[in-house]
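Notes for the one structure printed next.
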Amino acid sequence: MRQLRKVFLFGLLFGFAAVLSTGQIYAAAGEDGQVSAEEAVDEIEEIDIIEEVDGLDTWDDEGRARSERTINVLEARTTRRGALIFVLDHRTWKTFTEEPFHNFLGFDNGQLKIGLAARYGIFDGLDVGLQRINGTADRFKTDTWDLDLKYHALKQDKHLLDVSVRGGVTWFSVKDADDREGYFGQLAINRTFGRRVRVGTGLLYHSDSYNENRDRGDQDYSMAVPGTLDIRFTPGFSWHGEIVANVGGFKERYPVLSTSLRATTNKHTFALVVSNTQYFGAAGIATNTFRDYGDLILGFTITREFRFWRPGE
C-alpha cells in the first residue's frame, strides 16, 4: 500500500507538471502550432539579454504575482509596497489514496481545513497580515484569527541574506467555551542563488500552539525550525519543498513535510500541495504531526495580487 501511495503521488505531480509545460509550449508555438529551432533559440537569447540588461530577478519580476510563502512558512520578503494579496488555502483530512475516485482525492470526506488570508504592503519592507482558519477538525472546534506585522530587516543585495522578523497575536474563538489569546513570532532567513533557487530557514514560536490531539493539560507553547527550498523552472512554473521540525514545547511525533507545484501568472498563483499535516497557520505548523510520511493529504493554495502602486508612480 505504501508503494502504491508513492507511485500515485509521483504520478500525480508528474501529470500536473506535464499539463503546465504543454500549455506553455503551445502558447509559445503560436496559432499554427509550429516553432522552428532557430526561433526558439532567438527567443531564449532575447529573454536572457533582457534579464541581464534590466537586472531582473526572476523571484521579483514586476510582471509576475508574488507569493509571500513557500508552502506553509512565510518567507523573509514582504508584500510589495501598495500591493494586497488575498490567499485561499484548502487541506483535506483523509489521505487521497483511500478510495480516491469516490472521495475525490479526499475532498469529499469533510473536515477540510480552510484558510482565508490577506497581506498588505505598507512600505517597502513592512507588511501586515490577517488570517482566519476554521476549526472543523480540532477537538475544541477552535477558529483561529492571526494578526501580524513583518519587517524585512536585512536584504540580500546589501547583507548577503534576506532576514525578517514577524510578530503577532492569535485570537482563538472556541464554540460553547471561553475564547483565549496567544502570541507568536518568526525569524525568517532566505538566500536566493541566481534567478532560480532559494533556500530558507529560521525559527517559529507560538505561545499557545495546538493541533488535532492537544488536550487542555498539554504544554502550550511550541518552537520549531523550518527548512525551505524553492526551485523556479520557468518564470511561470516552480517546485517548493518544506520541512518544519519541532525543537521544544508541545509536539507530535513526525516533523511536518510538504511539497507543492506552483503556477504563477501576472496576478495569480495556484499551488497543488501534498503534505502530512492539515495545518498551515502560526499555531499549528510548529507542533509536528501525528501522520507519518505514508499518510499524506492533498490541498491547494490560490493567491490573487492587487497592485495599487508601482515603482516610479
Side-chain angles (χ1 to χ4, degrees), residues 57-90 113-134 143-157 162-173 181-190 192 198 200 202 204-206 226 228 230 238 240 242 260 262-271 273 279-285 299-313:
D57 182 344
T58 299
W59 296 99
D60 289 312
D61 186 347
E62 288 294 331
R64 297 277 173 175
R66 175 182 290 183
S67 177
E68 86 288 14
R69 66 192 65 208
T70 297
I71 301 173
N72 304 315
V73 178
L74 266 65
E75 297 179 339
R77 297 174 312 152
T78 53
T79 305
R80 293 181 174 109
R81 175 185 173 187
L84 178 66
I85 298 178
F86 283 108
V87 185
L88 173 63
D89 281 297
H90 274 66
K113 212 58 163 161
I114 301 173
L116 294 173
R119 297 200 72 84
Y120 179 74
I122 304 172
F123 303 112
D124 290 327
L126 181 68
D127 66 8
V128 59
L130 176 66
Q131 182 181 53
R132 190 265 185 187
I133 304 174
N134 71 332
D143 296 333
T144 62
W145 295 79
D146 290 334
L147 176 65
D148 74 272
L149 280 171
K150 184 169 66 172
Y151 173 59
H152 194 173
L154 303 179
K155 298 185 177 181
Q156 179 174 318
D157 57 353
D162 285 306
V163 179
S164 71
V165 289
R166 173 177 171 238
V169 295
T170 299
W171 170 42
F172 298 97
S173 178
E181 297 78 32
Y183 59 89
F184 60 91
Q186 179 186 357
L187 172 67
I189 303 172
N190 287 107
T192 303
R198 173 182 291 144
L204 303 171
Y205 173 85
H206 202 288
T228 63
D230 307 85
S238 54
H240 307 265
E242 186 179 279
S260 75
R262 181 188 296 162
T264 303
T265 70
N266 62 327
K267 295 181 179 179
H268 298 84
T269 71
F270 177 84
V273 178
Y279 288 83
F280 45 82
I285 61 174
F300 62 84
T301 299
I302 300 174
T303 74
R304 171 65 159 93
E305 184 182 42
F306 296 88
R307 302 288 297 276
F308 302 106
W309 180 91
R310 292 179 181 272
E313 295 181 354

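Scanning for ring-ring contact (aromatic ring centres under 6.0 Å, His included) contacts around Phe280 gives an empty result, with sequence neighbours left out. In this structure, the ring-ring contact (aromatic ring centres under 6.0 Å, His included) partners of Phe86, at least two apart in sequence or on a different chain, are Phe306.
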### Message
Between Glu75 and Arg198, does the salt bridge (Lys or Arg N to Asp or Glu O under 4.0 Å) criterion hold? Intermediate values first, please.
### Response
CA-CA 10 Å; Glu75 297 179 339; Arg198 173 182 291 144; 3.0 Å; yes
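A salt bridge is defined here as a Lys NZ or Arg NE, NH1 or NH2 lying under 4.0 Å from an Asp or Glu carboxylate O, and Asp143 with Arg132 meets this definition.
For Leu74 against Ala188, the heavy-atom pair with the smallest separation is O-CB, 4.1 Å. Scanning all heavy atoms of the two residues, the minimum distance from Asp148 to Arg166 falls at OD2-NE, 3.1 Å. In plain terms, the two heavy atoms of Ile285 and Tyr279 that are nearest each other are CG2-O, 3.4 Å. Closest heavy-atom contact between Val163 and Ala76: N-CB, 4.1 Å. Annotation for Gln156 and Asp162: closest pair N-OD1, 3.1 Å, computed over non-hydrogen atoms. Nearest heavy atoms, Val73 versus Gln186: CG1-NE2, 3.7 Å.
Under the 3.5 Å distance criterion, the side-chain polar atoms of Arg262 are left unmatched by any main-chain donor or acceptor of His240. A donor-acceptor distance shorter than 3.5 angstrom exists from the side chain of Lys150 to the backbone of Arg77, with no hydrogens or angles considered. Looking at Lys113, its side chain does come within 3.5 Å of a backbone N or O of Asn134 through a donor-acceptor pair.
For the side chain to side chain contact (heavy atoms under 4.5 Å, CB included) test with Arg119, the passing option among Val128, Asp127, Leu130 is Asp127; the others fail. Between Glu305 and the choices Lys267, Arg66, Arg80, the salt bridge (charged side-chain N to carboxylate O under 4.0 Å, His left out) rule is met once, by Arg80.
Residues Ile189 and Leu187 are in side-chain contact: their nearest non-hydrogen atoms beyond the backbone lie under 4.5 Å apart. Looking only at side-chain heavy atoms (C-beta outward), Ile71 and Thr301 stay at 4.5 Å or farther from each other.
Here the OG1-CG distance, from Thr79 to Leu126, works out to 10.0 Å after rounding to the nearest 0.5 Å. Expressed to the nearest 0.5 Å, how far CG of Leu149 lies from OG1 of Thr78 amounts to 11.0 Å. For the atom pair Gln131 CD and Thr144 OG1, the distance stands at 6.5 Å (nearest 0.5 Å). Atom-to-atom distance recorded for Asn190:CG and Thr70:OG1 is 6.5 Å, nearest 0.5 angstrom. Considering CG of Leu88 and CG of Leu116, their distance stands at 6.0 Å, rounded to 0.5 Å. Going from atom OG of Ser67 over to atom CZ of Phe270 covers 13.0 Å, rounded to the nearest 0.5 Å.
Relative ring orientation between Tyr120 and Phe308 is described as tilted, the plane-to-plane angle lying within the 30° to 60° band.
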